[in-house]
Amino acid sequence: MATFQTLPGFREFYPEDLAGRSHIFRLWRQTAASFGFAEYDAPVLEPLELYKAKSGDEIEAQLFSFTDKGGREVALRPEMTPTVCRLVGARANALRRPIKWFSIGEFFRYERMQKGRGRCFFQFNADIFGEPGPEAEIELIALLVQCLCAFGLTEQDFYVRLSDRNLWFHYLGALGLDEPRIRAVLTAVDRHEKHGDAAFASYSEQFGPLDPGIKERVMAFLSIRSLAALEQTLAGINDERLAARLADWRRLLRALEAMGLGRYVEVDLGVVRGLAYYTGFVFEAFDRKGDLRALAGGGRYDDLVQKLGGPTLPAVGFAIGDMTFALLLEQRGLMPKILHAPDVFCVIDGETGRLAAFPDIHALRAAGFRVEYPLRDSAFGKQFKAASESGARLALIYGGDEVARGVVKVRDLAQRSEVEVPKSQVALHVRDFLSVR
RNA sequence: GCGAUCGUAGCUCAGUUGGUUAGAGCACAAGAUUGUGGAUCUUGGGGUCGCGGGUUCAAAUCCCGUCGGUCGCCCCA
């Protein structure tokens, strides 16, 4: 039957699937709003140049790109950051600081599919522009943690690894490495967790073997897992920029501690976040079991707005992907079973009952209640079964007997108890019942 | 781009050394049931066995190709 197939890596959302997705989006929106972030949106299709500007061939290879009918080179957006930089950059002078924005959008990457990765996916993105100090990181890491906790996840389920590219840069500089060598070492550090010593192979190819003394200190540095260890390692080095970074670290960790979020955050200098544009703190959220890919990632990118043609504007941001996150919620049984339950299900006997029920059904719906009824006549037993399966809390019964007496029987489906209510008071009764909860 | 593995109903799968009209459970629908709940029973709809080619009297079954799913590698903005 299915002559046409969904394109590889693309997803369809049947109502049950969409219900789960909407549930996730709803809580993300709610959480971002409670932190005072404003929602924005932007085009899905962008000039190819926007992504070429800051990245290499590898990334271009994973873009859905083509030439449009006007001869423009365009690409489906693979991420939000360049777009939001352009938006903010274009009006930077007119926007009140701090600029706290979020969005939920779909993104596209032409990749091979794997667990938690497809060719299209949704991301929650949150960014703060115009704040150079760690106050921006405090706000964003708190938001990230709450975006996961809002679903019932706890510190048993996930944690945030916190690192600092800026610190790495200064530290490696203090060890006497120049910038190209520093970048090569950072690439090796990024891969070290997965590949072990082999991660340094590419460095050796470019620059010859890394000095054993330096390598030892790199290995020690990437094993740092606490602020105390960090302070101790840097104690012997006299460099004011390193001292200033340490002060930022203390402010950041103290603030998160004060919010009660210390248990979610782990210092981990082994994280450097592979590519390009991060310039300061970087962080990634993982599930504790470690059998899923990263849940979220972000960091500071103070140069990007300018690189994309805007003014100098410091920025921090992160993104949570929907696929890995949904896998985690399902694993932990935190995905609600019924997400579209009506408030009220009507049980109706014949045409007479139907005509009696319609005014109430419409009035309740107009008042904002979710009301369902069988479109066609069917046996009461079936209707009650349907009512029960729908997840509705109340059944309104319009039988011949009730209609004749001008009443409606209201059944509490959970308690299996019934009361009769004069027809004129149905809406009131329903409102009272449902508002009690 | 590379590798492994798998494609039979909406889902999970069975299908003998190749042999008549391809099966089950779940799900869906109808009835038993003309006023009370996740039960039971009966019945029903739904499949060009991913697609194409080959071998054969005969292919879901064997061979080749291809498309797709899943999981890794690369990459992960």
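Chain identifiers are assigned alphabetically (A, B, ...) following the order of the sequence lines, protein sequences preceding nucleic acid strands; residue numbering begins at 1 within each chain. Computed from a prediction, not measured in an experiment: that's the story for all the values here.
- Separating the CZ atom of A/F10 from the C1' atom of B/U70 is a distance of 18 Å, rounded to the nearest angstrom.
- Judged purely by atom type and a 3.5 angstrom limit, A/D287 has no side-chain atom pairing as donor or acceptor with the backbone of A/D157.
- At the heavy-atom level, A/G400 lies under 4.0 Å from base atoms of the strands shown.
- The A/D401 side chain lies nearest to B/G35 when the options are B/G35, B/G37, B/C75.
- Using C1' as the reference atom, B/G23 and B/G54 are 28 Å apart when rounded to the nearest Å.
- A/Y110 places its OH atom 17 Å from the C1' atom of B/C76, with the value rounded to the nearest Å.
- Contact check of residues 121-128 of chain A against RNA chain B (heavy atom, cut-off under 4.0 Å) returns no residues at all.
- Within the shown strands, nothing qualifies as a pairing partner of B/G35 under the Watson-Crick or G-U definition with both distances less than 3.5 Å.
- Of all nucleotides listed (B/A77, B/C74, B/G35), B/A77 comes nearest to the side chain of A/Y278.
- Per the geometry, CD belonging to A/E16 stands 11 Å off P belonging to B/C28, to the nearest Å.
- Nucleotide B/G69 holds its C1' atom 7 Å from the CE atom of A/M113, rounded to whole Å.
- B/G46 and B/U34 are spaced 27 Å apart, taking the P atom of each and rounding to whole Å.
- In this structure, A/P78 reaches the bases: a heavy-atom distance under 4.0 Å links it to at least one base atom across the strands shown.
- When Watson-Crick and G-U wobble pairs are counted only if both distances are under 3.5 Å, B/U16 pairs with no nucleotide at all.
- A/G299 comes within contact range of no nucleotide atom at all, as no heavy-atom separation falls under 4.0 Å.
- Rounded to the nearest Å, the gap between the P atom of B/C64 and that of B/C76 is 37 Å.
- Counting to the nearest Å, the P atom of B/A77 and the CZ atom of A/F318 are 15 Å from each other.
- A/R77 places a side-chain N or O within 3.5 Å of a backbone atom of A/A42 that can act as its donor or acceptor partner.
- Here, B/A14 and B/A77 have their P atoms 40 Å apart, quoted to the whole Å.
- Taking the side chain of A/E79 as heavy atoms from C-beta on, and the options B/A77, B/G72, B/G68, the nearest nucleotide is B/A77.
- Applying the 3.5 Å distance criterion, the base of B/U36 shares no donor-acceptor pair with the side chain of A/R416.
- Of the inter-residue distances, the one linking A/I182 atom CD1 with A/L172 atom CG reads 5.5 Å to the nearest 0.5 angstrom.
- The partner of B/G1, taking Watson-Crick or G-U wobble pairs whose two distances both stay under 3.5 Å, is B/C73.
- Side-chain N/O atoms of A/E12 and A/T6 include a donor and acceptor closer than 3.5 Å.
- When atom types are taken as modelled, the side chain of A/K100 and the backbone of A/F35 share a donor-acceptor pair closer than 3.5 angstrom.
- For B/C74, one of the phosphate oxygens OP1 or OP2 lies less than 4.0 angstrom from a side-chain nitrogen or oxygen of A/H195.
- Counted within 6.0 Å of OH on A/Y110, heavy atoms from surrounding residues, nucleotides or ligands total 12 or fewer; the atom is thus considered open.
- Atoms CD (A/E12) and C1' (B/G10) sit 13 Å apart, rounded to a whole Å.
- For B/C75, neither phosphate oxygen OP1 nor OP2 lies less than 4.0 angstrom from any side-chain nitrogen or oxygen of A/R117.
- With a cut-off of 3.5 Å on both pairing distances, B/A59 has no Watson-Crick or G-U wobble partner at all.
- A donor atom on one side chain and an acceptor atom on the other are not found under 3.5 Å apart for A/D360 and A/Y373.
- Distance check on atom P: B/G50 versus B/C11 gives 13 Å, rounded to whole Å.
- For B/A77, the OP1/OP2 oxygens have a side-chain nitrogen or oxygen of A/R273 closer than 4.0 Å.
- Other residues, nucleotides and ligands contribute only 12 or fewer heavy atoms inside 6.0 Å of the CD atom of A/E193.
- Side-chain proximity of A/K194 to B/G69, B/C76, B/C71: nearest is B/C76.
- A/Q383 contributes no side-chain N or O that forms a donor-acceptor pair with the base of B/U36 under 3.5 Å.
- Taking atom CG of A/L63 as the reference point, atom P of B/C76 lies 13 Å away to the nearest angstrom.
- B/U16 and B/G7 have their P atoms separated by 13 Å, with the value rounded to a whole Å.
- For A/K382 and B/A29, the shortest distance from a side-chain N or O to OP1 or OP2 is not below 4.0 Å.
- Between A/K115 and A/R191, the residue anchored nearer the 5' end of RNA chain B, judged by the nucleotide with its closest heavy atom, is A/K115.
- In this pair, A/Y171 and A/F221 present their aromatic rings parallel. The plane angle is below 30°, not in the 30 to 60° band.
- Of the nucleotides present, none pairs with B/G47 by Watson-Crick or G-U wobble criteria with both distances under 3.5 Å.
- Base pairing of B/U21: no nucleotide in any strand meets the Watson-Crick or G-U wobble criterion (both distances under 3.5 Å).
- A/R376 comes within 4.0 angstrom of no nucleic acid atom, judged by non-hydrogen atoms across all strands.
- The separation of B/U48 from B/A4, taken at their C1' atoms, amounts to 31 Å, rounded to a whole angstrom.
- Between the CZ atom of A/F64 and the P atom of B/C76 there is a distance of 18 Å, rounded to whole Å.
- Within the 3.5 Å criterion, the main-chain N or O of A/R273 finds a donor-acceptor partner in the side chain of A/R165.
- Residue A/H195 places its NE2 atom among more than 12 non-hydrogen atoms of other residues, nucleotides or ligands, all under 6.0 Å distant.
- In this structure, the nucleotide among B/C76, B/G38, B/G72 sitting nearest to the side chain of A/Q114 is B/G72.
- At a cut-off of 3.5 angstrom, counting only N and O atoms as typed in the model, there is no donor on one side facing an acceptor on the other between the side-chain of A/E111 and the base of B/G1.
- Taking atom P on both nucleotides, B/U66 is separated from B/C71 by 23 Å, rounded to a whole Å.
- Each of B/G35, B/U33, B/G37 was ranked by its minimum atom distance to the side chain of A/A379; first place goes to B/U33.
- The pairing partner recorded for B/U42 is B/A30, the criterion being a Watson-Crick or G-U wobble arrangement whose two distances lie under 3.5 angstrom.
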